[in-house]
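A short write-up of the structure that comes next.
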Number of protein chains: 4
Amino acid sequence: MKRQRREDRRVARTKRQLRDALMELILEKGYDGVTIEDVTERADLGRTTFYLHYKDKEELLISSLEAVFDELAAQIMSMPQEWRLGENDHGPISVVFQHAAENATLYRILLRGQGSVALADRVRDYVTERAQVFFSSLVAELQTTPEIPPSLAANYYAGSLMSMLIWWLENDMPYPTQKIVHHFRALCIGGIASALGLSAAQMKF
Amino acid sequence: MKRQRREDRRVARTKRQLRDALMELILEKGYDGVTIEDVTERADLGRTTFYLHYKDKEELLISSLEAVFDELAAQIMSMPQEWRLGENDHGPISVVFQHAAENATLYRILLRGQGSVALADRVRDYVTERAQVFFSSLVAELQTTPEIPPSLAANYYAGSLMSMLIWWLENDMPYPTQKIVHHFRALCIGGIASALGLSAAQMKF
Amino acid sequence: MKRQRREDRRVARTKRQLRDALMELILEKGYDGVTIEDVTERADLGRTTFYLHYKDKEELLISSLEAVFDELAAQIMSMPQEWRLGENDHGPISVVFQHAAENATLYRILLRGQGSVALADRVRDYVTERAQVFFSSLVAELQTTPEIPPSLAANYYAGSLMSMLIWWLENDMPYPTQKIVHHFRALCIGGIASALGLSAAQMKF
Amino acid sequence: MKRQRREDRRVARTKRQLRDALMELILEKGYDGVTIEDVTERADLGRTTFYLHYKDKEELLISSLEAVFDELAAQIMSMPQEWRLGENDHGPISVVFQHAAENATLYRILLRGQGSVALADRVRDYVTERAQVFFSSLVAELQTTPEIPPSLAANYYAGSLMSMLIWWLENDMPYPTQKIVHHFRALCIGGIASALGLSAAQMKF
DNA sequence: TCCTAAGCGAGACGGTACGTCTTGTCTTCCA
DNA sequence: TGGAAGACAAGACGTACCGTCTCGCTTAGGA
């Protein structure tokens, strides 16, 4: 049993090496330019070993990103409830922009198509889904009559957020986090709120 | 000179065959799954001939898309000036959604990452640029004091437009063109106008 | 180490398959007409595998011939010292003609230019070198004063031997081995011996 | 008719350009390394033009060599009858060695396999044939009883001559023409004469 | 002087082989 | 059992020649 645990630890180490190598290499030459052999070589592992743990370069990428974003998700999940609504310096959006600023190169690659065939899409879908849950519950709770389905609003929201991030990162973050978050909210929240049938006072997000 | 023309025609025909074949095949198996040999075989040409005209699959793709979008650009360019401002059934945005509806499968591929490494980005950049020119001239003409640079507004606009298109197409166009255009404007125009310092009456776009 | 041995065996088998396939195919369509894919297909191997072991068709050819001629060299090397001098039924020349008769088709290809760019030359050079060593030691041992350098005599000897072989093979071996060897010696040995300054009694080769 | 002649002249000029270009290029990179496009480019002609006159690189080569060797043949044919027998400074063999010395680079390529697949063989066959006619007539005239067929003697003679030429050229002609011719005769004539049943006094060749 | 046929250039095209690269599978061994 | 090493098949890639073809220009002769 102990041995089992040791082996697990060893496997975990190998996987981490692979993930780290992939990340480094993506930053250096873009996802498509990275070869599986590149990865294993950088990770000081045999090429066969890769196939022992992952089916694809894609699969490794997913698993690698989960590692990065689990951190972000944990931050957001663990913050006090009252920070999560309205505009403030600790809200989820601020955290996201902050996280993006800290991992600028990675985000630049992910949000542009460089990541992988459908990586940016995957991120978009994830954000959309979270926003949709939020919007739906908001509508349900306040019993408004939205002009557009929450799924559309959520999709719009996700698209807006991502273009904003792209612009900010590709122009080398010309505003501080708080400022760009403020602009983002100014640009999209009014439209979304009124489309969802919310009054000005109810735009608490 | 005559000969030049004949050769041109022959080459043009060959290129068209290649472009058509590529498009068909992308729709069938997605860009990455298409082989150069697939293309030439479908086009009834020798594989070598491909390299006579294009360096890459990428290069052929670009050239193919130019053909498709030249048509769209021509439509927009040739429409009466008064249609280009304000909300109406013939405005540029309507034309774009209309064009997307007519080429739904193609757009789905382009806007998602399926197209190619950075194809959606290319489209985004183009739309952004056009919007930026428009916003800049608007600001200059009306002498407003925008809170955000036109480049940011343009980027936001392009991102919004594209997410809207994606949602519409991926949900099988649940609204008629006019309706979705109306929603799009409702969602984003207010925010952009106020960020650019325009009054409600000046939101003629 | 054991593993080394096993892998070696596998590789050796693959190489042998390739060599055999090449030989068969050369006999069928001549060296230049044989494609690498022909070889690998005949050998039931993937084309890539070829390049794992050989750089060229040329390189495979060389390696193949070494296999064939190592056998011949072994025969000559292992024969009793007294057979190696003078005219007799077991001498080196007899062995060579015998070997040629047994591998007639192969020799026909090698000695004519069909083999490869400079294959016959390679054989010639080898024979020349061996002869030169022999002639030089003969001259040194007997302290004769040759009229021509041993290198010339050796070259002449090699050329004579090879034309004799060609004639014999291309005329479908009209004489038995002993007879043609006798003729060969009759034609060239007198001239060489006197050119090297040897007396009739010293012509022991 | 006159026109015919002019066109012929033009064609002849084109052919000569092609032949010259081929020769130059063979000397530079060896026959196999020369491309048809190389030839036509060097000759300042279009690639198509090549195929107007020759089927192959091979065909052009043959035609080119005929041009070179026609000169040699003419020299030998036009010399006085008495020079053609016995050892003297003007005999056919001397002329051959002389010609080889004057075209050393070319000969080196031809005699080694560099020329083309079977070029050296072609030369050998030609020499063999000439020698065989000569030997046969000698035997008939003198009514000797040869131990070996004239065809074998001729083959042997041709092979000897060619190896001698190769050695001489590849060692940068260490002897003057007369000397090497003398050595050549010393090496092979005795053997041949006795094999053909000629007495010492009859060895007039 | 025109005109006309041949020589020729340009270059598109199909086809075949090449050598390289990457992927994924498999087998054998070692720690 | 995890991992290293590496042979192998499969298949796409981009390149290099080849030989064929079509088209149009040029030019020198004969009308």
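Residue numbering restarts at 1 for every chain, and letters A, B, ... go by the order of the sequence lines. What you are looking at is a predicted structure, and each value in this text was computed from that prediction instead of being measured.
- A straight line from CZ of C:Arg9 to P of F:dA7 spans 16 Å, rounded to a whole angstrom.
- Not counting sequence neighbours, B:Asp56 has no partner by the salt bridge (charged side-chain N to carboxylate O under 4.0 Å, His left out) test.
- Side-chain contact between B:Leu25 and B:Tyr31 is absent, with no heavy-atom pair separated by less than 4.5 Å.
- A straight line from CZ of D:Arg16 to P of E:dC8 spans 12 Å, rounded to a whole angstrom.
- For the pair A:Glu37 CD and F:dG6 C1', the interatomic distance rounds to 11 Å; values are reported in whole Å.
- Put simply, the side chain of D:Arg124 reaches to within 4.5 Å of the side chain of C:Ile166, judged on heavy atoms.
- Put simply, B:Thr14 has a side-chain N or O that comes within less than 4.0 Å of OP1 or OP2 on E:dC13.
- At least one test fails for C:Lys55 against the ring of C:Phe50: distance under 6.0 Å to the centre or angle within 45° of the axis.
- Both D:Arg13 and C:Gly33 lie near DNA chain E, and the one whose nearest nucleotide falls closer to the 5' end is D:Arg13.
- Note on B:Glu66 versus B:Arg122: no salt bridge recorded, every NZ/NE/NH1/NH2 to OD/OE distance being 4.0 Å or above.
- For the salt bridge (charged side-chain N to carboxylate O under 4.0 Å, His left out) test, residues two or more places apart in sequence or in another chain that qualify with A:Glu24 are A:Arg42.
- Minimum interatomic distance between A:His53 and A:Thr49 (heavy atoms only, all atoms of both residues): CD2-O, 3.3 Å.
- If you measure from atom CG of A:Leu60 to atom P of E:dT23, you get 12 Å, rounded to the nearest angstrom.
- Here F:dG14 is the nucleotide among F:dC8, F:dG14, E:dC18 with the atom lying nearest to any side-chain atom of B:Ile36.
- For DNA chain F, the neighbouring residues in residues 44-57 of chain D, judged by any heavy atom under 4.0 Å, are D:Arg47, D:Thr48, D:Tyr51, D:Asp56.
- Between D:Arg10 atom CZ and F:dC25 atom P there is a gap of 16 Å when expressed in whole angstrom units.
- Remark: P of E:dT16 and CG of C:Asp32 are 18 Å apart, rounded to the nearest angstrom.
- Between the P atom of F:dC18 and the CD atom of D:Glu59 lies a distance of 15 Å, rounded to the nearest Å.
- Going from atom CD of D:Glu41 over to atom P of E:dG11 covers 13 Å, rounded to whole Å.
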